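Reading through the structure tokens given below for one structure.
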2 protein chains.
Amino acid sequence: MDERVTEESLEAENRIYARIFDGIMDRRLTPGTKLPERELCELFSASRSLVRRVLQRLAHYHVVELRPNRGAIVATPTPEETRQIFQARRALEGALVRLAAQHATPADIDGLRQQLHVEHEAMHGSDQPAWARLASTFHLRVARLANNAILENYLKEIVSRCSLIVALYEPQGNAACEHDEHAGIVACLERGDGENAARLMEEHLVELERHICLRQPDARPSLKDRLGL
Amino acid sequence: MDERVTEESLEAENRIYARIFDGIMDRRLTPGTKLPERELCELFSASRSLVRRVLQRLAHYHVVELRPNRGAIVATPTPEETRQIFQARRALEGALVRLAAQHATPADIDGLRQQLHVEHEAMHGSDQPAWARLASTFHLRVARLANNAILENYLKEIVSRCSLIVALYEPQGNAACEHDEHAGIVACLERGDGENAARLMEEHLVELERHICLRQPDARPSLKDRLGL
DNA sequence: CTACACAAGATTGTCAACAATCTGGCATGA
DNA sequence: TCATGCCAGATTGTTGACAATCTTGTGTAG
């Protein structure tokens with residue numbers, strides 16, 4: 001057993017990171033939620049320096065916001081950021097899906113089909129957080145097929161931020177991806193048809209953004225709205 | 001004078017960050033160079049925690065590599081990373097230049113023309129580091145016109161990593177961008193012709209990659225090569 | 001002569017105490 | 001009653017000491 005202190009602490013760091021990250025993605029931690037260092041230390045029985053590093057990592061991915069001397073909160077994307085995030089997502093995911101079409105093997109396509117199946121089942125179930133995560137999973141699996149870790153990681157960040165946006169502007173969480181549109185993209189990928197896959201993906205993402213924008217045409221829910229005034 | 005301790009230290013952090021970053025971009029700090037904490041502390045008369053944070057930030061942008069228990073070095077992209085970086089750059093910069101074509105005002109075009117002029121002058125001068133940085137500057141200025149900070153920052157990171165690649169595989173530093181190709185892109189932008197601007201940019205980047213790949217077909221200079229054996 | 005083990009010095013990683021800053025409540029006075 | 005200033009508690013930021021790890025030089029045995 002190689003139990004070097006350094007590795008243990010790295011493991012603990014990743015564990016805490018994943019816990020908080022998952023909490024945000026599952027919307028147990030909603031945008032604006034405060035993340036006090038002391039509380040996190042106690043919850044994970046970790047030292048403050050460890051918690052601090054985790055928060056900085058999360059901040060770097062724009063999933064939490066670090067306000068100097070005022071602590072960390074779950075990030076709350078502004079409308080302008082929302083615009084940029086969706087624009088960036090279309091650009092990135094268009095490029096990724098084209099590359100995926102070039103590289104996808106039959107085994108890869110099988111994997112995606114299985115993913116579609118899981119999605120289909122989750123649609124009927126009522127586990128809302130699971131469904132929300134699955135919607136992202138499909139996109140990330142396609143991205144992985146592009147065989148470019150850099151673009152893939154950029155998309156991971158963007159998709160995470162999209163989840164924040166949905167949490168902010170779609171409190172009911174009914175702004176998930178449409179299952180059928182995913183299926184169409186897989187069909188294109190199977191034929192190696194990158195152009196049409198990219199076109200479908202673009203439409204799919206425009207649809208997703210429109211769904212959100214229609215509900216909140218120009219601003220984030222203000223405190224006034226949230227109080228029902 | 002609002003001299004809060006916190007702000008001062010943030011300023012210091014940015015200063016140190018910029019110094020190291022510039023040193024790497026100007027190839028005074030070449031890939032593989034060790035960056036010992038103690039030495040940096042003394043050089044900048046800063047505390048270790050500050051230096052540490054700067055190194056972590058640089059690591060996050062993949063400009064330095066943090067090896068656990070073994071300190072930080074200037075990053076040395078592998079051939080596979082190089083492939084991914086150039087691929088990502090084509091994808092990102094293609095999208096950015098299309099957006100730039102949509103948004104560029106006559107004043108923006110003027111600014112780019114001035115930039116071209118500066119490039120032209122630097123070509124005749126012999127200030128090599130300045131020339132290397134100018135090549136990147138043009139691309140980043142175009143990116144800024146896209147009006148999307150997220151994609152712009154991604155490109156910033158990618159361009160920085162490209163500089164590392166050039167430093168690694170083109171020790172003479174003669175793999176800079178061609179001035180004429182930049183001029184062609186500006187012409188397209190002026191006409192609002194995003195498609196052709198993107199096409200030229202793509203060709204321009206392929207040319208840049210080819211220039212590097214031709215010299216080092218498949219591997220980074222090994223220690224053996226560097227010793228002339 | 002080579003290979004291996006060990007130890008000293010140097011370097012990085014971690015933590016806990018201390019300092020700076022912010023928040024919210026209370027008192028004061030107009 | 002309302003606005004302002006100030007204080008205490010809570011929270012975050014920083015530092016320096018200590019612990020863990022790596023590097024390198026040396027010695028020893030085969």
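Sequence lines set the chain letters: A, B, ... in the order given, protein chains first and strands last, and positions in each chain run from 1. Predicted model only: the values in this text are computed from it and were never measured. Note: hydrogens, waters and symmetry copies are ignored here, and every other heavy atom, side chains too, is used.
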Would you please confirm or rule out a distance under 4.0 Å between OP1 or OP2 of C/dT14 and any side-chain N or O of A/Arg53?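 So the side chain of A/Arg53 is within the cut-off, an N or O lying under 4.0 Å from OP1 or OP2 of C/dT14.
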Checking side chain to side chain contact (heavy atoms under 4.5 Å, CB included) against B/Leu205, which of B/Gln87, B/His139, B/Arg210 comes through?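 Exactly one pass, corresponding to B/His139.
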Sorted by number, the residues of residues 36-50 of chain A with heavy-atom contact under 4.0 Å to DNA chain C: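 The stretch gives A/Ser47, A/Arg48, A/Ser49 as the residues lying under 4.0 Å from the strand, ordered by number.
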If I take atom [atom1] in residue [X] and atom [atom2] in nucleotide [N], what distance separates them, rounded to the nearest angstrom?
X	N	atom1	atom2	answer
B/Arg52	D/dT14	CZ	C1'	14 Å
A/Arg70	C/dG24	CZ	C1'	13 Å
B/Lys34	C/dT11	NZ	P	7 Å
A/Leu66	D/dT12	CG	P	10 Å
B/Asn69	C/dT11	CG	C1'	9 Å
B/Glu13	D/dT14	CD	C1'	12 Å

Do A/Gln84 and A/Glu80 have a side chain donor and acceptor closer than 3.5 Å?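 Yes.
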B/Asn14 and B/Arg57: side chain donor to acceptor below 3.5 Å: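 A donor-acceptor contact under 3.5 Å links the two side chains.
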Taking the side chain as C-beta and beyond, is there a heavy-atom pair between A/Leu96 and A/Leu145 under 4.5 Å?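 With C-beta onward as the side chain, the pair stays apart.
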Side-chain heavy atoms of A/Tyr169 within contact of A/Pro79, under 4.5 Å: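 Yes; the side chains approach each other to less than 4.5 Å.
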Once ring pair (Phe, Tyr, Trp, His ring centres under 6.0 Å) is applied, do any residues pair with B/Tyr61, and if so which ones, sequence neighbours excluded?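 Testing B/Tyr61 for ring pair (Phe, Tyr, Trp, His ring centres under 6.0 Å), a comparison that skips the adjacent residues, returns A/His60.
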